[in-house]
Amino acid sequence: MSVRVRFAPSPTGALHIGGVRTALYNYLFARKHGGQFLLRIEDTDQNRFVPGAEDYIIEALKWVGLIPDEGVGFGGDYGPYRQSDRKAIYLDYALQLVERGHAYYAFDTPEALEARRESEDNFTYNQFTRTGLSNSLTLSAEAVQQHLDAGLPYVIRLKVAPNQEIRIHDLIRGEVVFQSADVDDKVLLKADGMPTYHLANIIDDHLMKITHVIRGEEWLPSTAHHVLLYQGFGWEDTMPQFAHLPLIMKPVGNGKLSKRDGAKFGMPVFPLNWEGATEEDHFPGFREAGFLPEAVVNFLALLGWHPENDQEIFTLEQLVEAFSVGHISKSGARFDYEKAKWFNQKYIQAMDAATLATHIQPLAEAKGYEVSVEYLQQVAVLMKERVTFLPDFVEQGYYLFEPVRTYDSETVQKKWSETVAGIFVELQSSLGNIVPFESANLEEKVKQFVQEKGAKPGDVLPLLRIALAGTMKGPAVFDMAVALGSAETMGRLKRFVETFNK
RNA sequence: GGCCUGUUCGUCUAGGGGUUAGGACACGUCCCUUUCACGGAUGAAACACGGGUUCGAUUCCCGUACAGGCUACCA
């Protein structure tokens, strides 16, 4: 049977980077085994629905290159893939479970249950407490029918049998055992007619022929309910295998990574910018911060998984090849932004100038720079060894696009002297005439000239750099001069001399 | 509180009854370079604790501690 896995996020806001990793592992597993990867939208909670969240999820998956074979926005033969569009399906199945004696009607109001929780410390609706509550197990058949006929609100709950051992063979954690006494009678169908996650999940996985459920560790406890549901429906034979992923933890402190951590630690925790309704609900994304999607994928892949060797840089195809569930670690992984930056730097370094130029172009245009693609490629070559983020090309390297804003005058003061001033005055008029205007030739001629004047290259070159870039950081001086061109180089020298030769 | 899951350098991790406990990020030093980076070399840095089992445990078992998750008509 062909492998089928799904990524099933809830559209309650921006897709967390941990969600992207879950999607990635599902994708890798599907590709590795020649199976399908589906996107299912789990929007059964109408109260938590957030407009735009679904589009965000789809756009994020596209950005990182994890294209589903089926799902909302991608078609497929097992649709609809949005649970709110499948509402009609769930009631029939819930009723079927009631008939089979694995579920029951419950009429207790949320307020009544809330009151119980208030007064009793650890109240749960389960096999021990249900006998004292209002449900089809305690009420007579007539009373139940009356309630139903009268249109009283009800939910359908899972009827957990006593003295059962529920065994799960998790692909990552091995055997996990629960006692049914510890498992509560979860609501399966809510009073509004929508299923809860638990019911919808099982029915959809069954109907969509899902073979492997790869999801976060937060789902491990409820897997006991899920197994009971498969048994209740008589679907044990086709029950998917489970793999519960370790969680991604906060960069500092305790707990799992949350959306607030982005602002708190000054780093993105979402793939894309998210602009919610309120000011508070705005979060930066990896894309807008200047990450390459390949770098994000590579970083995420290694957060909780490792290959058989010590390889660190992987294309998506290589990840597919190397991936195995057996090498997923069990413990939570701290979100390491430094490592994420390192990956991005590595990917920028490895990228060819033409491709890099296409990434820099929109950034340059946004700044109002009008330059040719050829020039952007030169900028790419000059800067790629010294940037971490895409915007660094136009920010750190702004002087390649516009005049120097400020000179590192401290360094200039230190180096400035009568001799040097004289050299610069001459350089100002002669440098542009050096032919050919090429890096190696310029370097040779300038150094020669400086020495003829009785100075050392070290006295002059740093200042030449400041004249062109304003700062002591940056690409090789003569490479910059060539990129800027002789006219611009001359202009910058002139301005530099005018500024300091007073 | 109850249930479930974890615990190797600061971080991500490899390993697994006998190893100089390996790699990567970050950090230090040096080399390259009259800049900054890149690159290269090198250094410091870890098996949570206590009991077993064993000739021998970081590795297997039990307990403790700590951490995480779940405990909604949320997912």
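Keep in mind the model is a prediction, meaning the values are calculated, not measured. In what follows, every chain begins at residue 1, and chains take the letters A, B, ... in the order their sequences are listed.
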Using atom [atom1] of each nucleotide, how far apart are [N] and [M] to the nearest Å?
N: C61(B); M: G2(B); atom1: C1'; result: 25 Å
N: C25(B); M: C32(B); atom1: P; result: 22 Å
N: C49(B); M: A67(B); atom1: C1'; result: 15 Å
N: G28(B); M: A45(B); atom1: C1'; result: 11 Å
N: C62(B); M: C73(B); atom1: P; result: 35 Å
N: G23(B); M: U35(B); atom1: C1'; result: 32 Å
N: C4(B); M: G22(B); atom1: C1'; result: 33 Å
N: A48(B); M: C66(B); atom1: P; result: 16 Å

[N] [atom2] sits how many Å from [X] [atom1], rounded?
X: Q396(A); N: U35(B); atom1: CD; atom2: P; result: 18 Å
X: K456(A); N: U35(B); atom1: NZ; atom2: C1'; result: 17 Å
X: I248(A); N: U11(B); atom1: CD1; atom2: C1'; result: 14 Å
X: K414(A); N: U34(B); atom1: NZ; atom2: C1'; result: 14 Å
X: R215(A); N: U5(B); atom1: CZ; atom2: P; result: 15 Å
X: E165(A); N: C3(B); atom1: CD; atom2: P; result: 15 Å
X: K415(A); N: U34(B); atom1: NZ; atom2: P; result: 13 Å
X: H244(A); N: C70(B); atom1: NE2; atom2: P; result: 12 Å

Return the set of residues passing salt bridge (Lys or Arg N to Asp or Glu O under 4.0 Å) with [X] (not counting sequence neighbours), or none when no residue passes.
X: R82(A); value: E54(A), D85(A)
X: R173(A); value: E217(A)
X: E410(A); value: none
X: K339(A); value: E312(A)

Inset, instruction - Would you mind telling me which of T22(A), T223(A), N26(A) makes a side-chain hydrogen bond (donor to acceptor under 3.5 Å, both in side chains) with R215(A)? - result: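 Running side-chain hydrogen bond (donor to acceptor under 3.5 Å, both in side chains) over T22(A), T223(A), N26(A) with R215(A) returns exactly one hit, T223(A).
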Legend entry - Toward the 5' end of RNA chain B, by each residue's nearest nucleotide, P457(A) or E338(A):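 With E338(A) and P457(A) compared, the 5'-side residue is E338(A).
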Protein N or O to nucleotides 65-68 of chain B N or O, pairs below 3.5 Å:
{"from": "G68(B)", "atom 1": "OP1", "to": "G255(A)", "atom 2": "N", "distance (Å)": "3.1"}

Identified pairing partner of [N], criterion: Watson-Crick or G-U wobble below 3.5 Å:
N: C47(B); result: none
N: A67(B); result: U5(B)
N: U54(B); result: none
N: U20(B); result: none

Inset, instruction - Scan residues 155-198 of chain A for pairs that pass ring-ring contact (aromatic ring centres under 6.0 Å, His included), counting only residues two or more places apart or in two chains. - result: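 Every pair satisfying ring-ring contact (aromatic ring centres under 6.0 Å, His included) with a residue in residues 155-198 of chain A: Y197(A)-W219(A), Y197(A)-H226(A), H198(A)-H225(A), H198(A)-H226(A).
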What nucleic acid atoms does [X] come within less than 4.0 Å of, heavy atoms only: base, sugar-phosphate, or nothing?
X: F178(A); value: sugar-phosphate
X: D182(A); value: sugar-phosphate
X: G216(A); value: nothing
X: V183(A); value: nothing

May I have the list of side-chain donor-acceptor pairs in residues 6-14 of chain A shorter than 3.5 Å, sequence neighbours left out?
{"from": "R6(A)", "atom 1": "NE", "to": "D205(A)", "atom 2": "OD1", "distance (Å)": "2.9"}
{"from": "R6(A)", "atom 1": "NE", "to": "D205(A)", "atom 2": "OD2", "distance (Å)": "3.3"}
{"from": "R6(A)", "atom 1": "NH2", "to": "D205(A)", "atom 2": "OD2", "distance (Å)": "3.1"}
{"from": "S10(A)", "atom 1": "OG", "to": "E42(A)", "atom 2": "O", "distance (Å)": "3.0"}

Legend entry - Check: F286(A) ring centroid to F270(A) ring centroid under 6.0 Å: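 That pair fails the under 6.0 Å test.
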Inset, instruction - Name the orientation class of the two ring planes belonging to W305(A) and F314(A) (parallel below 30°, tilted from 30 to 60°, perpendicular beyond 60°). - result: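 Rings of W305(A) and F314(A): perpendicular, over 60°.
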Legend entry - Side-chain touch P251(A)/E338(A), heavy atoms, less than 4.5 angstrom: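 They are not in contact (no side-chain heavy atoms under 4.5 Å apart), so the answer is no.
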Inset, instruction - Examine A14(B): is either OP1 or OP2 under 4.0 Å from a nitrogen or oxygen in the side chain of H306(A)? Give yes or no. - result: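 Affirmative; the distance criterion is met.
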Legend entry - Residues that S439(A) engages under side chain to side chain donor-acceptor pair (under 3.5 Å), provided they are two or more places apart: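 By the side chain to side chain donor-acceptor pair (under 3.5 Å) rule, S439(A) matches D479(A).
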Legend entry - Any N/O donor-acceptor pair, R465(A) side-chain to U35(B) base, under 3.5 Å: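 Under the 3.5 Å cut-off, the side chain and the base do form a donor-acceptor pair.
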Inset, instruction - Please say which of V296(A), L303(A), L300(A) ends up in a side chain to side chain contact (heavy atoms under 4.5 Å, CB included) with L24(A). - result: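 It is L300(A); the other options fail the test.
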Pairwise N/O distances under 3.5 Å, protein to nucleotides 72-75 of chain B:
{"from": "C73(B)", "atom 1": "OP2", "to": "R117(A)", "atom 2": "NH2", "distance (Å)": "3.4"}
{"from": "C73(B)", "atom 1": "OP2", "to": "R157(A)", "atom 2": "NH2", "distance (Å)": "3.3"}
{"from": "C73(B)", "atom 1": "O2", "to": "A191(A)", "atom 2": "N", "distance (Å)": "2.8"}
{"from": "C73(B)", "atom 1": "N4", "to": "D108(A)", "atom 2": "O", "distance (Å)": "3.0"}
{"from": "C73(B)", "atom 1": "N4", "to": "P110(A)", "atom 2": "N", "distance (Å)": "3.4"}
{"from": "C74(B)", "atom 1": "OP2", "to": "K190(A)", "atom 2": "NZ", "distance (Å)": "3.1"}
{"from": "C74(B)", "atom 1": "O2'", "to": "D45(A)", "atom 2": "OD2", "distance (Å)": "2.9"}
{"from": "C74(B)", "atom 1": "O2'", "to": "R48(A)", "atom 2": "NE", "distance (Å)": "3.1"}
{"from": "C74(B)", "atom 1": "O2'", "to": "R48(A)", "atom 2": "NH2", "distance (Å)": "3.3"}
{"from": "C74(B)", "atom 1": "O2", "to": "R48(A)", "atom 2": "NH2", "distance (Å)": "3.1"}
{"from": "A75(B)", "atom 1": "OP1", "to": "T44(A)", "atom 2": "OG1", "distance (Å)": "2.6"}
{"from": "A75(B)", "atom 1": "OP1", "to": "K190(A)", "atom 2": "NZ", "distance (Å)": "2.9"}
{"from": "A75(B)", "atom 1": "OP2", "to": "Y197(A)", "atom 2": "N", "distance (Å)": "3.2"}
{"from": "A75(B)", "atom 1": "O3'", "to": "E42(A)", "atom 2": "OE1", "distance (Å)": "3.4"}

Inset, instruction - With sequence neighbours excluded, tell me which residues meet ring-ring contact (aromatic ring centres under 6.0 Å, His included) with F299(A). - result: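 Applying ring-ring contact (aromatic ring centres under 6.0 Å, His included) to F299(A) gives F335(A).
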Between side-chain atoms of residues 456-470 of chain A and protein atoms elsewhere (two or more places apart, or another chain), which donor-acceptor pairs fall under 3.5 Å?
{"from": "D459(A)", "atom 1": "OD2", "to": "K456(A)", "atom 2": "N", "distance (Å)": "3.0"}
{"from": "R465(A)", "atom 1": "NH1", "to": "P475(A)", "atom 2": "O", "distance (Å)": "3.0"}
{"from": "R465(A)", "atom 1": "NH2", "to": "P475(A)", "atom 2": "O", "distance (Å)": "3.0"}

Produce the list of close N/O pairs, under 3.5 Å, pairing protein atoms with atoms of nucleotides 36-39 of chain B; give distances to one decimal.
{"from": "C36(B)", "atom 1": "O2", "to": "R386(A)", "atom 2": "NH1", "distance (Å)": "2.7"}
{"from": "C36(B)", "atom 1": "O2", "to": "G474(A)", "atom 2": "O", "distance (Å)": "3.4"}
{"from": "C36(B)", "atom 1": "N3", "to": "R386(A)", "atom 2": "NH1", "distance (Å)": "2.2"}
{"from": "A37(B)", "atom 1": "O2'", "to": "E385(A)", "atom 2": "O", "distance (Å)": "2.3"}
{"from": "C38(B)", "atom 1": "O2'", "to": "E385(A)", "atom 2": "OE1", "distance (Å)": "2.5"}
{"from": "G39(B)", "atom 1": "OP1", "to": "K346(A)", "atom 2": "NZ", "distance (Å)": "2.8"}

